[in-house]
Amino acid sequence: MTRTVLLHLLDGDGRPLGVLPGYDVPAPWWQEVADVVAGARAHYGPGPGGPNGLSRRR
């Protein structure tokens with residue numbers, strides 16, 4: 001079983017910028033994010049936000 005992931009992009013203030021095309025990940029559980037991050041990197045590259053390519057608000 002797989003699940004399809006859609007990444008919603010937000011600006012620094014949390015306003016929506018758009019949604020990237022979906023891709024499938026092997027783990028069907030929403031709590032498992034490693035496959036989501038790996039899929040995003042494989043499809044779209046590391047992206048901005050730091051050494052892991054992820055950005056989070058503090």
Side-chain angles (χ1 to χ4, degrees):
M1 179 186 288
T2 63
R3 65 182 164 152
T4 300
V5 175
L6 298 174
L7 296 178
H8 294 253
L9 304 177
L10 306 174
D11 70 10
D13 293 322
R15 291 184 295 258
L17 297 173
V19 180
L20 294 174
Y23 57 93
D24 291 334
V25 295
W29 307 283
W30 68 266
Q31 301 95 329
E32 297 294 328
V33 299
D35 290 329
V36 174
V37 173
R41 289 181 178 148
H43 283 85
Y44 306 110
N52 293 328
L54 302 175
S55 178
R56 64 179 180 257
R57 299 183 87 181
R58 295 176 195 240

Please tabulate, for side-chain N and O atoms in residues 16-28, each donor-acceptor pair with protein atoms closer than 3.5 Å (sequence neighbours left out).
unit_1, atom_1, unit_2, atom_2, d
Tyr23, OH, Val36, O, 2.6
Tyr23, OH, Ala40, N, 3.2
Asp24, OD1, Thr4, OG1, 2.6

Is any side-chain heavy atom of Val5 closer than 4.5 Å to a side-chain heavy atom of Leu7? yes
Checking Asp11 side chain against Asp13 main chain: does a donor-acceptor pair fall under 3.5 Å? yes
